[in-house]
Amino acid sequence: MSFHRTAFAALFAAVLPAVSWAQSESAPSEALSVELNTAQNVGNACRLTFLVQNRTGVSIDKAVFETVIFDSEGGVVSLSLFDFRDLPADRPRVRQFDLPGRDCAQVGRALINGANTCVVDGADSTICRDKLSLSSRVKVELLG
């Protein structure tokens, strides 16, 4: 019986560092991760769906990002404020924004041009800019 415990302990000790390394590689610690998760046509609009994971350790009361949309040729087609609302610490949130009159096939890139509003504990904060980490799961590139 003690052989099984020893073997299990040795296996656990060998696997734990690899699991920790994999987690740190996939998700930067202390980041405000914004992922463009999907872009889909809904009616007469392209709907962009974002997955946000606030790993900064503090809850963000309000986050509004100035967002520039480029067409597939690289031309600017819109500049908008995307209100991501509240972003609780260590809790994922999904936010959707529609681009009216735009087919998703026409969208080439989205640029987070900066944080227009970032409020933590009732006061302006730079955490939305300083800790921002961007990625995209779709062919539309997300830049910042």
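Predicted model only: the values in this text are computed from it and were never measured. The analysis underlying the following values was restricted to heavy atoms, covering all of them including side chains, and did not include hydrogens, waters or symmetry mates.
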Quiz item: Taking S59 for the side chain and A89 for the main chain, is one N or O donor matched with an acceptor at less than 3.5 Å?
Solution: yes

Quiz item: What is the minimum heavy-atom distance between A31 and S133, and which atoms define it?
Solution: CB-CB, 4.0 Å

Practice problem: Could you state whether V34 and F97 fall into the same hydrophobic cluster, counting links through intermediate Ile, Leu, Val, Met, Phe, Trp or Tyr residues with side-chain heavy atoms under 4.5 angstrom apart? | Solution: yes

Quiz item: Which residue pairs pass the ring pair (Phe, Tyr, Trp, His ring centres under 6.0 Å) test when at least one of the two sits in residues 108-141, sequence neighbours left out?
Solution: none

Quiz item: So, S125 side chain and I127 main chain: donor-acceptor pair closer than 3.5 Å or not?
Solution: yes

Exercise. For the pair D98 (side chain) and P100 (backbone), establish whether a donor and an acceptor sit closer than 3.5 Å, ignoring hydrogens and angles.
Key: no

Quiz item: Is the shortest heavy-atom distance from the side chain of R129 to the side chain of C118 under 4.5 Å?
Solution: no

Exercise. Compare every heavy atom of C104 with every heavy atom of A39, then report the nearest pair and how far apart it is.
Key: C-SG, 3.6 Å

Quiz item: If you measure from CG on D90 to CD on Q53, what distance do you get to the nearest 0.5 Å?
Solution: 9.5 Å

Quiz item: Which distance, rounded to the nearest 0.5 Å, do you find between the CG of L134 and the CD of E141?
Solution: 10.5 Å

Quiz item: Rounded to the nearest 0.5 Å, how far does CZ of F50 lie from OG of S136?
Solution: 8.5 Å

Quiz prompt | Nearest atoms (heavy-atom pairs only) where V107 meets C46 | solution = CG2-SG, 4.2 Å

Quiz item: Nearest heavy-atom pair of E30 and K131: which atoms, and what distance?
Solution: O-CD, 3.1 Å

Quiz item: Is the side chain of N54 donor-acceptor paired with the backbone N or O of L87 at a distance under 3.5 Å, no angle test?
Solution: yes

Quiz item: For the side chain of D61 and the backbone of D121, is there at least one donor-acceptor N/O pair under 3.5 Å apart?
Solution: yes

Quiz item: Any chain of hydrophobic side-chain contacts (each under 4.5 Å) joining L111 to L32?
Solution: no

Quiz item: Hey, any chance F82 and V138 share a hydrophobic cluster, counting ILVMFWY side chains that come within less than 4.5 Å of each other, even indirectly?
Solution: yes

Quiz item: Quick one: CG on L36 to CZ on R137, what's the gap to the nearest 0.5 Å?
Solution: 10.5 Å

Quiz item: Where is the tightest heavy-atom contact between V94 and T49, given as atom of each residue plus distance?
Solution: CG1-CG2, 3.5 Å

Self-check item: Under 3.5 Å donor-acceptor, T38 side chain and Q40 backbone
Solution: no

Self-check item: Results of salt bridge (charged side-chain N to carboxylate O under 4.0 Å, His left out) for R95 - residues two or more places apart only
Solution: D86

Quiz prompt | Trace of the side-chain contact (heavy atoms from CB on, under 4.5 Å) decision for I112 with L143 | solution = CA-CA 6 Å; I112 302 296; L143 308 168; over 6 Å; no

Quiz item: Quick one: are C128 and I60 in side-chain contact, heavy atoms under 4.5 Å?
Solution: yes

Practice problem: First locate atom CZ of R85, then atom NZ of K62, and finally report the distance between them rounded to the nearest 0.5 Å. | Solution: 9.0 Å

Quiz item: If you take all heavy atoms of P92 and L51, which pair is closest and at what distance?
Solution: CB-CD1, 4.1 Å

Exercise. Spell out, yes or no, whether V64 and L132 are grouped together once hydrophobic residues are joined by side-chain heavy atoms under 4.5 Å, including indirect joins.
Key: no

Exercise. Report the C-alpha separation of R55 and S33 in whole Å, then their side-chain angles, then the decisive distance to 0.1 Å, and conclude whether the side-chain hydrogen bond (donor to acceptor under 3.5 Å, both in side chains) test is met.
Key: CA-CA 8 Å; R55 295 186 186 101; S33 301; 3.3 Å; yes

Side-chain donor-acceptor distances from residues 66-75 under 3.5 Å, at least two apart:
from : atom 1 : to   : atom 2 : distance (Å)
E66  : OE1    : N113 : ND2    : 2.6
T67  : OG1    : F65  : O      : 3.3
D71  : OD1    : E73  : N      : 2.9
D71  : OD1    : G74  : N      : 2.9
D71  : OD1    : G75  : N      : 2.8

